[in-house]
Each structure stands twice: as structure tokens, then as C-alpha cells.
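Contents: one structure, followed by commentary.
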Amino acid sequence: MKIATWNVNSVKARCTHLTNWLKTASPDVVLLQELKCITEEFPRLEIEAAGYQSAVIGQKAYNGVAILAKEKIEDPVFALPGEQPDDQARYVEGTVSGVRIASIYLPNGNPIASPKFTYKLDFMERLYRRGKELLATEAPVVLGGDWNVCPTDEDVWDLKAMAKDALVQPETRAAFRKILYQGWTDAIRTLHPHERIYTYWDYFQNRFARDHGLRIDHLLLSPRAADRLIAAGVDRTPRALEKPSDHTPAWCELS
DNA sequence: ATGGTCGGGCTCCGA
């Protein structure tokens, strides 16, 4: 079972890239972020034609997440459980072939001296609580998405330039570790412990060609899912196309 | 120190 996550930076602008990639990569499940369209305008028909069902929560202009799957998506939930419903479409969860899977668009959080950073940390606390509930089920679970977190210095090309960025702050990393240490396995880092691996390259300054990137798209596996982990990686091919997203798909394969 | 590039929706915001 191949599960991928891809921040497409507008699903409408990237529809052709997406459907072509579905055909060539043929993942069983794809987690999308930054749809940038309302739910009703999600290109459901094009994606169905490629052989995928979808569970979608969108909103106007910003955010928006989806799960695409070849098999049925059962019991979808369209928000992070919390006190009051979120006005930002950043979380969808569903079950595919017995695996509980979430597509997460974690808040960017910049600038750090603003309510946006607080919102990011609050969101991570809510995710921590949801993670605890999901682990308690002892089911195979995958928390995938654009986490907007560089877990360690190895996940950053230019540390100096990123020093004040929300993606590398000690509080951000601590909140990520707090989730990870509940018992999750970072699929890509576990199988590639000492490689420079990036999933995002800024549009500025030809960063992709120079491989000046960040690793911010992650797939976290519960113990039952981690037991089945056989491969993981990053597919850089869509990032090299004309008019690409600034992110490229990260994926893992479970037996 | 700054500005470089995108997408969306409207003359600016978020990344």
C-alpha cells in the first residue's frame, strides 16, 4: 500500500500535474494540501477519471485538504477534533483498507511575533491530543501532510537564513517531538537516517535547481503501521515540471 | 539588508 502526501499549491492550477502523476506513480492513497478552492470546486470528476475517490474539505483562496484513494474512504472526519470548529480547512481523516489516515496542513506560523505562531502551536497541541486518541486504538495510522516543521537542522539547507522562521523554532520542534515521542515513526527519516532530503524548494532564486530546500512534508506512522514499513522516499519529478507546486510528493509503502 | 516568485482574488494576502 503506497501512501503519498503532496502540497499542490492550488489543486486547480495543478490538476494536470496531479492526474498525470496519479497515472505514473499509481499511489493507493494521496494526501493533498493547499487546495486553494472551495469544496464544491474541487476537480472531483478529473480525479475520479484517474481512478480515485476523494474526501475533501476546502475553503475560498486558502488552505484546503483532501484524501484521494483507489479504495473506499470510510468514516471521514473533516476537522481536528477540538473545542470549537476550526474556520481553517486544515485536517481530514479517513480509513482506507483498514488504515486510518490523516491529511494535515499544519499552519505555517510566520511571523513568529504574531498570533499566527500561537495558532500554529495551538494546532500542534490539538494534533498531539488527537494523536493520543489514535494511538490508543492500536490500529495502523498514518499522519501525513505538510507539517511546516523542519524537525532537525539536517532538514534545512540554509540555517542562517531560516533562524527567525517559524518552521525551525525550538518551540515548533519541541511540539513536533512531543507528538513524535508519543510513539510515531517518521517514515522517510527512519529509512534514510543521514541523507539530505527535501520536499519543498522556494520559487525564489532557482532554489530547486540548486537543491536549496526544506524537509517539511512528513508521514508519521503508528507502531502497527511502522511494522509494515518497507520503503519511503521523495519523488522529485513533479517539482521539475513547468509551473510546478513548490512542494513535491513524499511517499511511503506499507506491506 | 533586501528582494527574489507564485496562486488567488482583487489592487493585496499568504506562503
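All chains are named by letter (A, B, ...) in the order of the sequence lines, taking the proteins before the strands, and each is independently numbered beginning at 1.
Which of B/dG9, B/dG14, B/dG7 sits closest to the side chain of A/Ala61 comes down to B/dG9. With distances taken from any side-chain atom of A/Gln205 to the nucleotides B/dG7, B/dT5, B/dG3, the minimum falls on B/dG3.
We find that A/Arg215 and A/Asp186 are joined by a salt bridge, their nearest charged nitrogen and carboxylate oxygen being less than 4.0 Å apart. Between A/Asp153 and A/Arg173, at least one side-chain N (NZ, or NE/NH1/NH2) sits under 4.0 Å from a carboxylate O, which counts as a salt bridge.
The separation of B/dA1 from B/dC12, taken at their C1' atoms, amounts to 24 Å, rounded to a whole angstrom. The gap from the P atom of B/dT2 to that of B/dC6 amounts to 23 Å, rounded to the nearest Å. Using atom P as the reference point in both B/dG9 and B/dA15, the two lie 15 Å apart (nearest Å).
Computed from coordinates, the A/Asn7 CG to B/dG14 P distance equals 17 Å when rounded to whole Å. Atom-to-atom, CG of A/Asp202 to P of B/dC6 comes out at 10 Å; the value is rounded to the nearest Å. Between the C1' atom of B/dC6 and the CG atom of A/Asn108 lies a distance of 14 Å, rounded to the nearest Å. Distance A/Asp165 CG to B/dG14 P: 16 Å, rounded to the nearest Å. Straight-line distance from the CG atom of A/Asn206 to the C1' atom of B/dG4: 11 Å, rounded to whole Å. We find that CZ of A/Arg90 is positioned 11 Å from P of B/dG14, with the value rounded to whole Å. Counting to the nearest Å, the P atom of B/dG14 and the CZ atom of A/Phe204 are 15 Å from each other. Rounded to whole Å, atom P of B/dT5 lies 14 Å from atom CG of A/Asp246.
Side-chain heavy atoms closer than 4.5 Å link hydrophobic residues (I, L, V, M, F, W, Y) into clusters, and following such links, possibly through other members, connects A/Leu180 to A/Tyr128.
Taking both residues in full, the closest heavy atoms of A/Met124 and A/Leu106 are given as CG-CD2, 3.7 Å, listed atom of the first, atom of the second, then distance.
Proximity of the aromatic rings of A/Phe176 and A/His218 is defined here by a centroid distance below 6.0 angstrom, and this criterion is met.
Of the two residues near DNA chain B, A/Val11 and A/Arg207, the one whose nearest nucleotide lies more 5' is A/Arg207. The residue among A/Tyr203 and A/Glu34 whose nearest nucleotide of DNA chain B is located toward the 5' end is A/Tyr203.
Not one side-chain nitrogen or oxygen of A/Lys60 sits closer than 4.0 Å to the OP1 or OP2 atom of B/dG9. For the pair A/Lys36 and B/dA15, the criterion of a side-chain N or O lying under 4.0 Å from OP1 or OP2 is not met.
Among the atoms of the strands shown, only primed sugar atoms or phosphate atoms (P, OP1, OP2) are found under 4.0 Å from some heavy atom of A/Tyr105.
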